[in-house]
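Worksheet for the structure shown next.
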Amino acid sequence: MPVREEVLNWIEEAKADLRHAKSSIEIGDFNWACFASQQAAEKALKALILHVLGEYPRGHDLVRLYWMIEKHVKLSISKVDLMRLSAYYTQARYPNAGVERPSIEILEEHAKEAVETAERVVNEVEKAIKDP
């Protein structure tokens, strides 16, 4: 199945978010690295859903997004990792949404784990799109 340009756009934006996540780690903005990682994974999964199902999915829950396409495409991604990463959509940005002060309580190790998970998602999605 040919890859639509809009699918490629979603993948490229996922990669841009991943670059932003890595840059955020370098400057010590670990909460923003976690949020950008969540966004990278979300955009990659939405690209895959658009590619496979031809629809624009709504929502930010990475596990739910994966469930939408799981019966069509199997990815080597842990749902536990997706659940952890998904939580950063809110927790990394808002005080008292899981942690009181995300800018100081989210640590480098959290950010590195988030980036690793997002990178796996982006890589798995790219592979799935290229290998029907």
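Here the structure is a predicted model, which means the values were calculated and not measured.
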Review point. Tracing side-chain links under 4.5 Å among I, L, V, M, F, W and Y, which residues wind up in one group with Tyr94?
Key: none
Point to revise | Residue list, ring pair (Phe, Tyr, Trp, His ring centres under 6.0 Å) with His60, at least two apart or on another chain | key: Tyr89
Review point. Any side-chain hydrogen bond (donor to acceptor under 3.5 Å, both in side chains) pairs touching residues 101-111, not counting sequence neighbours?
Key: Glu108-Lys112
Practice item. Identify, with sequence neighbours excluded, every residue that meets salt bridge (Lys or Arg N to Asp or Glu O under 4.0 Å) alongside Glu12. Key: Lys15
**Study point:** Non-neighbouring partners of Glu55 that pass side chain to side chain contact (heavy atoms under 4.5 Å, CB included), sequence neighbours left out
**Key:** Ile49, Leu53, Met68
Review point. Residues in side chain to side chain contact (heavy atoms under 4.5 Å, CB included) with Glu6, at least two apart?
Key: Arg4, Leu50, Tyr56
Check your understanding: Does some side-chain heavy atom of Val73 sit less than 4.5 Å from a side-chain heavy atom of Val125?
Key -> no
Check your understanding: Taking only residues at least two apart or on different chains, which pairs with a member in residues 56-78 satisfy salt bridge (Lys or Arg N to Asp or Glu O under 4.0 Å)?
Key -> Glu70-Lys79
Exercise for review: Can you run down the salt bridge (Lys or Arg N to Asp or Glu O under 4.0 Å) pairs that involve residues 20-41, sequence neighbours left out, and say none if there aren't any?
Suggested key: Lys22-Glu119
Point to revise | side chain to side chain contact (heavy atoms under 4.5 Å, CB included) involving Ala36 - partner list, sequence neighbours excluded | key: His20, Ala21
Practice item. To the nearest 0.5 angstrom, please state how far the CG atom of Leu75 sits from the CG atom of Leu82. Key: 8.5 Å
**Study point:** 4.5 Å side-chain heavy-atom contact, Arg93 and Trp32
**Key:** yes
Study note, to complete from the structure: In short, salt bridge (Lys or Arg N to Asp or Glu O under 4.0 Å) pairs touching residues 37-47 with sequence neighbours left out are Asp17-Lys43, Glu42-Lys46
